[in-house]
A.B. asks: 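What follows is a structure written as structure tokens; I'll ask about it next.
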Amino acid sequence: MAAFLLYLICINCVTLKAHKYMKKLFLCFSLLTLTVIHGQELNQFDTDGKRHGKWEKKYEGTNKLRYQGQFVHGKEVGTFKFYHKEAKGLHPSCIKEFIKTSDIARVKYYTSTGIFLSEGKTKGKLRIGTWKYYERVSGVLIEQEEYKEGKLNGIKTSYYQNGKVLQTETYKDDLLEGKKTMYAPNGNIVSEYTYAKGKRNGYFTEYDNKGEKSLTGKYTDNKPRGVWKYYTDGKLTRTKDYTLSNNPKKKKRK
């Protein structure tokens with residue numbers, strides 16, 4: 001009986017050592033396999049010739065990273081990071097978050113040292129929706145604009161450092177269209193202009209630091225027209241008539 005027990009103990013010891021050896025061998029094999037697979041996955045194409053898996057591209061003729069991200073059969077998904085060629089820091093200049101089921105991406109821009117500059121959305125390569133821009137030092141919002149299919153459409157608002165509105169403009173297909181209003185730091189209106197197809201067209205009003213109107217007039221295609229009126233403390237003090245001097249069909253009398 002004692003001899004039999006000794007035999008079982010010996011068998012168990014041999015089995016345990018073999019198990020440990022096989023475990024180490026399996027671990028090494030797994031690591032080697034993962035390394036090979038990882039190398040194979042980088043910058044690969046699917047059977048249709050579309051980018052698939054992890055991709056990294058460098059600037060031509062350099063070892064500097066241009067972008068890195070993940071493709072699924074030619075479609076960007078997840079996080080993509082883009083870098084400046086002549087970067088002072090290591091932070092991506094642009095980070096895009098892609099959704100597999102949509103062409104819309106959330107985009108954020110930075111300096112190469114990591115200072116947050118702006119954010120918005122794109123559809124393909126075109127900007128859409130609201131875009132916001134931030135001051136480099138303070139990080140406060142300084143401008144906000146609206147895009148439709150890559151063009152400015154809607155209200156563009158600029159801000160003072162304290163968050164108060166500096167200026168509002170209305171755009172249509174990248175051109176000023178409608179009212180443009182500027183504000184003083186105290187919130188008073190400084191001026192109101194009307195635009196059409198990117199040019200000053202229509203009546204305008206300017207105000208003094210007390211909020212009283214100081215000048216009124218009219219523009220046609222950026223040129224002054226009609227009678228301009230000048231005010232002091234809200235009272236009319238003089239006028240200037242642009243009708244004759246700007247009408248080519250009329251001649252000045254000698």
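Just so it is clear, the model here is predicted, and its values are computed rather than measured.
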A.B. asks: Test side chain to side chain contact (heavy atoms under 4.5 Å, CB included) on E192 and Y203 and set out the steps.
C.D. replies: CA-CA 9 Å; E192 294 177 301; Y203 292 96; over 6 Å; no

A.B. asks: Tell me whether V107 shares a hydrophobic cluster with Y133, the cluster being built from Ile, Leu, Val, Met, Phe, Trp, Tyr side chains joined at under 4.5 Å.
C.D. replies: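 Shared cluster, yes.
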
A.B. asks: Shortest non-hydrogen contact from K58 to L65?
C.D. replies: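 Smallest heavy-atom distance, with atoms named: CG-CA, 4.1 Å.
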
A.B. asks: Look at the rings of Y110 and F116 and say which category their plane angle falls in: under 30° parallel, 30 to 60° tilted, over 60° perpendicular.
C.D. replies: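 Judged by the thresholds at 30° and 60°, the geometry between Y110 and F116 is tilted.
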
A.B. asks: Any side-chain donor-acceptor pair under 3.5 Å between Y171 and E145?
C.D. replies: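 Looking only at side-chain atoms, E145 and Y171 do not form any donor-acceptor pair under 3.5 Å.
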
A.B. asks: Taking atom types as modelled and ignoring hydrogens, do the side chains of S138 and Q161 form a donor-acceptor contact shorter than 3.5 angstrom?
C.D. replies: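 Yes, Q161 and S138 have a side-chain donor paired with an acceptor closer than 3.5 Å.
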
A.B. asks: Would one find more than 12 heavy atoms of other residues, nucleotides or ligands at under 6.0 Å from atom CZ of R66?
C.D. replies: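 At most 12 heavy atoms, drawn from other residues, nucleotides or ligands, come within 6.0 Å of this atom.
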
A.B. asks: Under the ring-ring contact (aromatic ring centres under 6.0 Å, His included) criterion, do W228 and F204 qualify, and how do the steps go?
C.D. replies: CA-CA 10 Å; W228 285 27; F204 75 92; 4.9 Å; yes

A.B. asks: What are the two closest non-hydrogen atoms of F98 and E76, and how far apart are they?
C.D. replies: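 Smallest heavy-atom distance, with atoms named: CB-O, 3.3 Å.
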
A.B. asks: Are the side chain of N43 and the backbone of E56 linked by a donor-acceptor contact shorter than 3.5 Å?
C.D. replies: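 Yes, because the side chain of N43 sits within donor-acceptor range (under 3.5 Å) of the backbone of E56.
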
A.B. asks: For D173 and N153, work out which heavy atoms get closest and say how close.
C.D. replies: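 Looking at all heavy atoms of both residues, the shortest contact is N-OD1, 3.0 Å.
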
A.B. asks: Verify the ring-centre separation between Y83 and Y67: is it less than 6.0 angstrom?
C.D. replies: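 When the ring centroids of Y67 and Y83 are compared, they turn out to be at least 6.0 Å apart.
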
A.B. asks: Looking at every non-hydrogen atom in both residues, tell me the closest pair between E206 and S191 and how far apart they are.
C.D. replies: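 What the structure gives for the nearest pair is CG-CB, 4.0 Å.
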
A.B. asks: Over all heavy atoms of both residues, which pair between N209 and N188 is shortest? Give the atoms and the distance, please.
C.D. replies: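 Closest approach of N209 to N188, heavy atoms only: O-ND2, 4.0 Å.
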
A.B. asks: Got more than 12 heavy atoms from elsewhere within 6.0 Å of NZ, K75?
C.D. replies: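 Counting neighbours around NZ of K75, more than 12 heavy atoms of other residues, nucleotides or ligands fall under 6.0 Å, so yes.
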
A.B. asks: Quick check against the 3.5 Å criterion: does K64 have a side-chain atom that pairs as donor or acceptor with the backbone of K85?
C.D. replies: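 Checking the backbone N and O of K85 against the side chain of K64, a donor-acceptor pair under 3.5 Å is found.
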
A.B. asks: Are F71 and H52 an aromatic pair, judged by ring center distance below 6.0 Å?
C.D. replies: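 No: the rings miss the under 6.0 Å criterion.
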
A.B. asks: Test of understanding: clusters of I, L, V, M, F, W, Y form through side-chain heavy atoms closer than 4.5 Å, transitively. Do L152 and Y195 belong to the same one?
C.D. replies: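 Looking at the clustering, Y195 is in the same group as L152.
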
A.B. asks: If you compare all heavy atoms of V165 against all heavy atoms of T157, which two are closest, and at what distance to 0.1 Å?
C.D. replies: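 Answer, listing the atom of V165 first, then T157: CG1-CG2, 4.0 Å.
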
A.B. asks: side-chain contact (heavy atoms from CB on, under 4.5 Å) with K156: which of Q167, E143, E146?
C.D. replies: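 So the option named by the test is E143.
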
